[in-house]
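See below for the structure under consideration.
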2 protein chains.
Amino acid sequence: MLSVTRLTINDVARAAGVSKGAVSFALNSRPGVAPDTRERILKVAQEIGWTPSSRARALSVSRSLAVGLVIARPPATLGADPFFPSFIAGLESVLSERGYALLLQVVADDDRETPSYRRLVDEGRVDGVFLTDMFMDDPRPGLLAELGLPAVIVGPALGDDVWPTVGVDDAPGISAAVEHLVALGHSRIAYVGGPCGMVHGHSRQRAWLTALDAAGLPSAPSIEADFSAESGATATRQLLELAEPPTAIVYANDLMAMAGMSLAQSRGLDIPGDLSITGYDDSEIAAHLQPALTTVCTDVLEWGRAAATRLLELIDTQPATDIALPTAKLVVRDSTGPVPTTRPPTPTTTTPRRRQRTTRLRQMEMK
Amino acid sequence: MLSVTRLTINDVARAAGVSKGAVSFALNSRPGVAPDTRERILKVAQEIGWTPSSRARALSVSRSLAVGLVIARPPATLGADPFFPSFIAGLESVLSERGYALLLQVVADDDRETPSYRRLVDEGRVDGVFLTDMFMDDPRPGLLAELGLPAVIVGPALGDDVWPTVGVDDAPGISAAVEHLVALGHSRIAYVGGPCGMVHGHSRQRAWLTALDAAGLPSAPSIEADFSAESGATATRQLLELAEPPTAIVYANDLMAMAGMSLAQSRGLDIPGDLSITGYDDSEIAAHLQPALTTVCTDVLEWGRAAATRLLELIDTQPATDIALPTAKLVVRDSTGPVPTTRPPTPTTTTPRRRQRTTRLRQMEMK
DNA sequence: CGGAGTTCCTAAACCGGTTTAGATGCTCTC
DNA sequence: GAGAGCATCTAAACCGGTTTAGGAACTCCG
């Protein structure tokens, strides 16, 4: 190791016997360099092992060659969400190919993210950002428009936006779940959703409502939870304590479904004998639960790829290529089954089914 | 909005009636500027709303002001791991305070990461990296030493390394789990671990072995899995089919423990009546399982903070401040209980307990 | 054969900061 | 009161690329 200093474009220029500019032209495959000169330059660069410094590049092209992802969620909930890792992997696969880096920021939930974005812009760290976990009336698109920072909204389409939206439509997945339950004979299909103030919380609930309606079913109880296990358990408890508890519950994510399933089981209910349950996400554990969870699966990796592609297009002010995302698919497993037939036909204030079950349990324990 | 161009240090200099250099000095609180001048400059900068461009700063200080985290795992496994989100949140809290950004890369598992690091270095994207999911004889520390890129190893201490290690020791947590089970009367405490080729897989298994030994127990079956739900289920099946199945299983993470618990339950075993189970991680869902999972909890956020602090020190060639990380703690819940007392004293080739249980189940179903 | 048009390339400006060398004015000292 | 020493500040070089203006050589064409 003779020289400690990093290789620069000047070293290449000198070695190839040309000027800095020529090297730059050759590297970026721009006209103005003879084919054989170009080849010679590239060969020399290769030989001495030079890669352009993205620092220097970033300064001269007035771009950061990086995009940002700001995640504002309590880390606990984040950890249980299979979405982000796959999504980020999808982003990466496109970004790295185009020489872009991904800047990640995980901020406290209550920070409302906007200071983070402002800083990213002020410091010129990123050329664009992905917006996730959108709220209804989210201030961020407006803020970013004001700051002039390109953005892509990740999630269900909103419609009237300044920024493009890239997202797998929730509706088909939820609809499929409801239809599946209807086909199994269920008619009291409750819903445990995320915060209605959040776009995907909202859209999934709408999908459930629409599907019920399409099946000609009357409205059923719906509880607004917050995607956490705790809230899923609480919501489930409330539903089971209703005078007329549901025979099936559609959850807006797997985590709440798992917590709900556990809670129901702890009360002696058999899944799916007494209660059918569906999740959303198809997390790794879903298939290995007892019973295996019927859930909705989306191709999150592809989703990430699409979002990244769109953001880069936006940054380069290229026209949008419309990428068709595969729709959400229902994965039927063992947590859904035929509606219980032994149900008493007239609704009462007590819950006979649970009573009965409790009795059976008691017998078992006494044995 | 009169001018569309970004504010630069020149604008501040002009507005304050000083030179570029003076502004730079003032901003970085270096000597050579009179106190009142410094204040005036800062006030002007504040007023016109200028923040130094990190692009330009990065080029002139020959630093990227960013650090990298390369994650090489199949996204599916990643999504189920509560570690990274909290860890990243911890990193962020230190990095952002110091004006550093976090560059994230999620690469395919088989890419073995090294090309990613090489690229990060070649392009000058980062000033240092965190190494996670270390293998025994991992080539990365050596590679990075060669490339001259500072690194901090995240995980159990290895000892002979070029780079500092920041990690919560696994041993106390696993030991506590084993001791807890021993106290409950268990003597056949099996172990389902991660790949032994991985450092934390290895260290957790050693901890289990050591703890067994300390309790004066003979060696028990141990299965090398891969931290995935699938592998956890398979390992559990193998253990339960042993001539003399364990009465307790210690798992190296929650995901495998959950899958194992479900599998055991699907075979009619009662947890913890017939089999006690412990996990590792304390994921959000753990407390909401049926039964709630006894597991090991570590302060991952603090861990992230420590790792970031250490890496920045390394980059600035400052001496290491030794940060004491809180040790892993056992969280006792309901998946562990007294060893079954009804067990026949002589081992046979069949498994009477399960037989008995199956019978009970059958009775129930026939009813 | 002289001027217009191309092609290929170089020198120099530029991106927006940091940092160094040196100018200026002031105090201190003998 | 002249030179040393210091604090304060400026001008200019520098980081490592990209990009523009322009020069040299060569072709084309009337």
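So that the names make sense, note that chain A is the first sequence line, chain B the second, and so on, each numbered from 1.
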Q | Contact summary for B/P31 and B/R38, nearest pair of heavy atoms | A | CA-NH2, 4.4 Å

**Q.** With sequence neighbours excluded, residues passing salt bridge (charged side-chain N to carboxylate O under 4.0 Å, His left out) with A/E302
**A.** A/R305

Q) Hey, are A/S53 and A/R6 close enough side-chain-wise for a donor-acceptor pair under 3.5 Å? A) no

Q.
The criterion is side chain to side chain donor-acceptor pair (under 3.5 Å); which residues satisfy it with A/R119, sequence neighbours excluded?
A. A/E123

Q) If you walk 5' to 3' along DNA chain C, what is the first nucleotide with an atom under 4.0 Å of a heavy atom in chain B, and what is the last? A) C/dG16 to C/dT20

Q) Which residues within residues 23-51 of chain B lie with some heavy atom under 4.0 Å of an atom in DNA chain D? A) B/G32, B/V33, B/A34, B/T37

Q) Does A/F25 have any ring-ring contact (aromatic ring centres under 6.0 Å, His included) partners at least two apart in sequence or in another chain, and if so, which? A) none

Q) Taking for each residue the nucleotide of DNA chain D bearing the nearest heavy atom, is the 5' side occupied by B/S62 or by B/S19? A) B/S19

(Q) Quick one, A/L69 and A/L102 - any side-chain contact, counting heavy atoms below 4.5 Å? (A) yes

Q. Does some side-chain heavy atom of B/I41 sit less than 4.5 Å from a side-chain heavy atom of B/V18?
A. yes

(Q) Strictly below 4.0 Å, N to O, side chains only: are A/R98 and A/D316 in salt-bridge contact? (A) yes

Q.
Less than 4.5 Å apart, side chain to side chain, heavy atoms only: is that true for B/F83 and B/H200?
A. no

Q: Take A/E47 and A/K43 through the test salt bridge (charged side-chain N to carboxylate O under 4.0 Å, His left out) and record every step on the way to the result.
A: CA-CA 6 Å; A/E47 273 171 14; A/K43 191 161 141 270; 3.7 Å; yes

**Q.** Secondary structure of DNA chain D in dot-bracket form (Watson-Crick or G-U wobble, distances below 3.5 Å, | marking inter-strand pairs)
**A.** ||||||||||||||||||||||||||||||

